[in-house]
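Here, residue 1 is the first one in the sequence, and each next residue gets the next number. Both counts, for ligands and for their atoms, begin at 1 and track the order of listing.
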Amino acid sequence: MAERKKMSVAEILAAARAEKAGGGAKPTPAEESAVSDSPEAAESPAAADSGAPKPAAPKPAGAKPAAKPAAGAAAGGRPSVKDILAMARKNQPAGEAAAVSAEKPAAAPKPAAPKPAAAAKPAASKPAAAKPFTSLDTASILASARAAAKPGPVSKSDASISPRPEKPRSAPEKKAAAAAPKMPMPKMPAKPQPAKKAAVEGEDRRGFLEIALGSFMAVGFTALSVTGGLFTLGLARFLFPNVLAEPPSRFKVGFKDGFPSGKVETKFVAQYGVWVVNSEVQGQQQIYALKTVCTHLGCTPNWLEAEQKFKCPCHGSGFYKDGVNFEGPAPRPLERYAIKVADDGQLEVDKSRTFQEELGQWADPSSFVTV
Ligand code: FES
């Protein structure tokens with residue numbers, strides 16, 4: 001049994017058929033191709049020993065014992081490809097265990113002892129050449145292939161089992177590494193923060209609301225201020241009523257020489273409402289000031305130089321040069337203002353005093369100035 005020989009799949013199938021002796025049925029070509037293509041056929045090149053049936057090699061945990069396919073073959077039916085492969089595995093050498101199991105019949109194969117899961121992947125951490133020859137299942141072959149193709153651990157379980165040791169550094173190397181100048185790292189630009197953008201949008205909305213409310217309040221306060229100002233102006237207007245700016249009651253009209261005899265001066269009518277007349281009254285040459293108010297209803301008569309009379313345009317009343325009424329509805333003569341010679345020699349008219357002819361007041365020396 002120590003001598004091993006590699007067998008092809010066809011030889012394995014032939015040996016299995018020979019063991020069954022009349023089991024008889026020749027596998028179909030499809031079955032043969034399936035066997036040749038299956039990874040299980042490839043992983044058992046060492047199952048070439050065609051001697052006595054041997055117990056199967058220990059399998060990983062979870063693998064089913066090979067007794068079931070053997071029992072199925074013993075039932076006399078046509079063995080399936082799976083049964084044939086199981087029987088072939090039982091016949092392959094497997095070190096000492098195979099030597100011990102070679103004396104036992106195939107009908108009572110010893111079930112494989114369950115193996116811990118961590119032991120199913122030794123090929124990932126140890127080189128395949130250091131291992132003794134053992135029967136390899138598909139999982140072991142795949143683990144070996146992954147370990148050869150990828151230097152690092154395949155999974156977390158592999159990493160826990162076989163961590164990669166770091167190469168120890170000597171003291172000079174550590175000193176040199178510590179003394180080596182470090183390259184200055186450039187500063188990375190600050191990344192924009194979208195959260196701030198959202199905060200800025202919120203601040204914009206709050207600012208808009210504040211401005212809108214502030215505008216409404218500003219408009220309201222402005223309207224209230226304008227209303228208060230107008231009320232104050234109206235109150236002041238009520239407290240200070242209109243005062244007509246009237247001309248002074250006394251005014252100077254000039255010297256006597258400026259008023260020739262028989263002349264009616266009309267240049268003071270518009271400003272003072274006075275005619276200054278130099279005329280003979282009852283045999284005496286006088287200068288007097290006539291009031292320009294019609295004694296009928298208060299209109300202002302006009303001096304008609306051609307007709308030598310005052311004519312009221314309202315109702316047609318007429319007055320002589322001395323002011324006595326002679327036509328129209330006027331009930332009485334025109335009135336005189338007080339007149340005198342001022343200190344400077346000019347004639348001064350005082351409108352605060354009037355003199356009426358029907359009352360005999362024209363005889364008052366204050367109502368005329370003699371020439
Ligand atoms: Fe002068 Fe009537 S007001 S005539």
Run Trp275 and Phe310 through ring pair (Phe, Tyr, Trp, His ring centres under 6.0 Å) and show every step you take. CA-CA 11 Å; Trp275 288 296; Phe310 300 99; 4.3 Å; yes
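Open room surrounds NZ on Lys340; 12 or fewer heavy atoms of other groups in view lie less than 6.0 Å from it.
Looking only at side-chain heavy atoms (C-beta outward), Cys294 and Phe319 come within less than 4.5 Å of each other.
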Compile the donor-acceptor pairs under 3.5 Å between side chains in residues 259-273 and protein atoms, sequence neighbours left out, one pair per line.
from	atom 1	to	atom 2	distance (Å)
Ser261	OG	Gln285	NE2	2.9
Glu265	OE2	Lys267	N	3.3

Output a table of donor-acceptor pairs, distance under 3.5 Å, between side-chain atoms of residues 299-306 and any protein atom two or more places apart or on a different chain; print 'none' if there are none.
from	atom 1	to	atom 2	distance (Å)
Trp303	NE1	Glu305	OE1	2.6
Glu305	OE2	Gln308	NE2	3.2

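Protein N/O/S atoms closer to atom 2 (Fe) of ligand 1 than 2.8 Å number 2 in this structure.
For Ser215, there are no side chain to side chain donor-acceptor pair (under 3.5 Å) partners at least two apart in sequence or on another chain.
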